[in-house]
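Comments concern the structure below.
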Amino acid sequence: MVDLTQVMDDEVFMAFASYATIILSKMMLMSTATAFYRLTRKVFANPEDCVAFGKGENAKKYLRTDDRVERVRRIKQTLSIYLASST
């Protein structure tokens with residue numbers, strides 16, 4: 001069995017761990033940013049998300065797109081694709 005100190009001395013493992021930590025941190029930050037923009041601008045992707053703001057026809061006005069929300073969503077999606085391809 002490999003000792004933990006031997007694994008920590010491996011440069012390849014340390015590089016992988018560093019980059020994985022950076023990418024996962026950015027993904028979590030982008031998820032929070034997406035939620036913040038969606039709630040503050042009242043822009044939602046599906047009817048279930050906007051139940052708190054209205055019901056029926058009133059809720060449909062919140063089903064729209066916003067440039068700032070879409071920009072953050074695309075960045076998060078790009079990071080997810082990059083993370084999946086790097087593993």
In terms of heavy-atom contacts, Met14 and Met8 come closest through CG-O, 3.3 Å
Would a 4.5 Å heavy-atom cut-off, applied to side chains only, mark Arg71 and Arg74 as touching?
yes
Please report, to 0.1 Å, the donor-acceptor pairs under 3.5 Å made by any side chain of residues 20-33, with sequence neighbours excluded.
residue	atom	partner	partner atom	Å
Thr21	OG1	Ala17	O	2.7
Ser25	OG	Thr21	O	2.8
Ser31	OG	Met27	O	3.1
Thr32	OG1	Met28	O	3.1

Does atom CG of Asp67 have more than 12 heavy-atom neighbours, drawn from other residues, nucleotides or ligands, at distances under 6.0 Å?
no
To the nearest 0.5 Å, atom OG1 of Thr34 lies from atom CG of Leu39 at 10.5 Å
Would you say the side chain of Gln6 lies within less than 4.5 Å of the side chain of Asp3, judging by non-hydrogen atoms?
yes
Arg41 side, atom CZ; Phe36 side, atom CZ - distance, nearest 0.5 Å
6.5 Å
